[in-house]
Each structure stands twice: as structure tokens, then as C-alpha cells.
Amino acid sequence: MLTQKEVNLLTDLKKCEEVCVQKYNKYAQSASSPSLKSLFQQISQKEQQHLNSIDQILNGSVPTINANSSSNNNSNTLQQPSSQAAYYDNTMNKQNDAYLCSDALTTEKYVSSDYNISIFEFTENNIRDVLNHIQKEEQEHGKAIYDYMAQNGMYN
């Protein structure tokens, strides 16, 4: 049985995940680089999985964490985008993609922080484990976005 505080935290996390799904879908449509479009689509799918997990917890069941879904399993990690330096012959396209990446990276930092705080407020270890798993994936999203930015001269 969840406490009212836990329900409130999960409700906040659910809202964050809903925004992330919408944002990454929109950003996948708006990105100029095919590789960045693909990265945003992959992240959107992961965010939808997070949203589904939060919904399951709110509905009284705790999703199981697949031991094979850690970052060591190449089939479940984000595809690292290739450098698009040659692709960016249009400054406006690069500026737009840099803006999208910067906003997405800021979002990932915020969401990861929200999970970090929430994890400490739950009494059930299995729920804490799910939230911890999601937080690690949020960090992986941030890393993939950072890597893209660094490869394309977008991160100072």
C-alpha cells in the first residue's frame, strides 16, 4: 500500500514522463539530422516504458526489472548517434538541433534529479529498485544527448 506522499511523488513523476514522451516525439519531428531524429525516437520509446512502469505502480503492481536490460546489454541501450559534422551545411539547422539537444539535456538532468529525491521517500525496496532503474536510464539518455552534442561541436 502506497502512502499519500508516495502517490504524490509518483503522480509528479508520471507528469514528467508524459512531458518527456511528448517532447521527444516533437523533437524527433523537428530535428534536422537523421541521426538526432533517431536518437529522440529511441528516447521517446524509453520514456513511454517509464510512464508505463509508473502507471503500473500507481495501479498497485510493481513491474519486474529485467536483469538483461542494464546498460551492459547492447540490444537494449540507445544507439550512439554518429557525428553529423558533414550533414550540417546549414547553420540554422545546426542551431535548431543544438537548441533541441540543450533543452533535452536540461530536461534529463531535472528528471534524473526528481527520481533521485523520490527514491529516498519510498519504503518498499522493489519500488525503489524500479525507480533507481528508471533513473539510470534517464542518465543514459543524458549521456547519449551529451555525446551527440560533443561530437557535433554543440557543447561548450
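Keep in mind that the numbers below use all heavy atoms, side chains included, and drop hydrogens, waters and symmetry copies. What you see is a predicted model; the values in this text were computed from it and never measured.
Between the NZ atom of K136 and the CD1 atom of I65 there is a distance of 8.5 Å, given to the nearest 0.5 Å. Separation of atoms CD (Q135) and CD (E108) is listed at 11.0 Å; rounding is to 0.5 Å. Atom-to-atom distance recorded for T123:OG1 and K5:NZ is 11.5 Å, nearest 0.5 angstrom. Between the CD1 atom in I127 and the CG atom in L10 there is a gap of 7.0 Å [rounded to 0.5 Å]. In this structure, NZ in K143 is found 12.0 Å from CD in Q139, a value given to the nearest 0.5 Å. Atom CE of M154 is separated from atom CG of L100 by 9.0 Å, given to the nearest 0.5 angstrom.
Sorted by first then second residue, the ring-ring contact (aromatic ring centres under 6.0 Å, His included) pairs that include residues 6-63, not counting sequence neighbours, are Y24-F40, Y27-F40, H50-H141. Each ring-ring contact (aromatic ring centres under 6.0 Å, His included) pair with one or both residues in residues 110-129, not counting sequence neighbours, would appear here, but there are none.
At least one donor-acceptor pair under 3.5 Å links the side chain of E6 to the backbone N or O of T3. Using a distance-only test at 3.5 Å, with no hydrogens or angles considered, no donor-acceptor pair links the side chain of K46 to the main chain of Q41. A distance-only check finds a donor-acceptor pair linking the side chain of S53 to the backbone of Q49 [under 3.5 Å].
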Worked check of side chain to side chain contact (heavy atoms under 4.5 Å, CB included) between L105 and K109 | CA-CA 6 Å; L105 184 57; K109 290 175 182 178; 4.0 Å; yes
Could you go step by step and tell me if M92 and N96 meet the side chain to side chain contact (heavy atoms under 4.5 Å, CB included) rule?
-> CA-CA 6 Å; M92 291 299 289; N96 180 64; over 6 Å; no
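With 3.5 Å as the limit, one finds a donor-acceptor pair spanning the side chains of N52 and Q48. Side chain to side chain, S44 and N25 meet the donor-acceptor criterion of an N or O pair below 3.5 Å.
Each of L13 and V19 belongs to its own hydrophobic cluster when Ile, Leu, Val, Met, Phe, Trp and Tyr are linked at side-chain heavy-atom distances under 4.5 angstrom. Hydrophobic clustering of Ile, Leu, Val, Met, Phe, Trp and Tyr side chains at less than 4.5 Å, counting indirect connections, keeps L58 apart from V21.
Qualifying ring pair (Phe, Tyr, Trp, His ring centres under 6.0 Å) partners for Y99, counting only residues two or more places apart in sequence or in other chains: none.
In this structure the side chain of M149 reaches within 4.5 angstrom of the side chain of S102, judged on heavy atoms. V62 is not listed as a side-chain neighbour of Q56, based on a closest heavy-atom distance of 4.5 Å or more. Using a 4.5 Å heavy-atom cutoff, the side chains of D114 and E138 are not in contact. For the pair V130/I54, no side-chain contact is recorded, criterion being any heavy-atom separation below 4.5 Å from C-beta on. Residues Y155 and C101 form no side-chain contact, since every pair of their non-hydrogen atoms from C-beta on lies 4.5 Å or further apart. With a 4.5 Å cut-off on side-chain heavy atoms, I145 and I43 count as touching. E124 has its side chain out of reach of M1: every pair of non-hydrogen atoms, C-beta onward, lies at least 4.5 Å apart.
When all heavy atoms of S61 and P63 are compared, the pair lying nearest together is O-CD, 3.6 Å. A pairwise comparison of heavy atoms in D97 and S33 identifies OD2-N, 3.0 Å as the closest pair. When all heavy atoms of K23 and D103 are compared, the pair lying nearest together is NZ-OD2, 2.8 Å.
C16 pairs in a side-chain contact (heavy atoms from CB on, under 4.5 Å) with only one of the listed residues (V111, L51, T107), which is V111.
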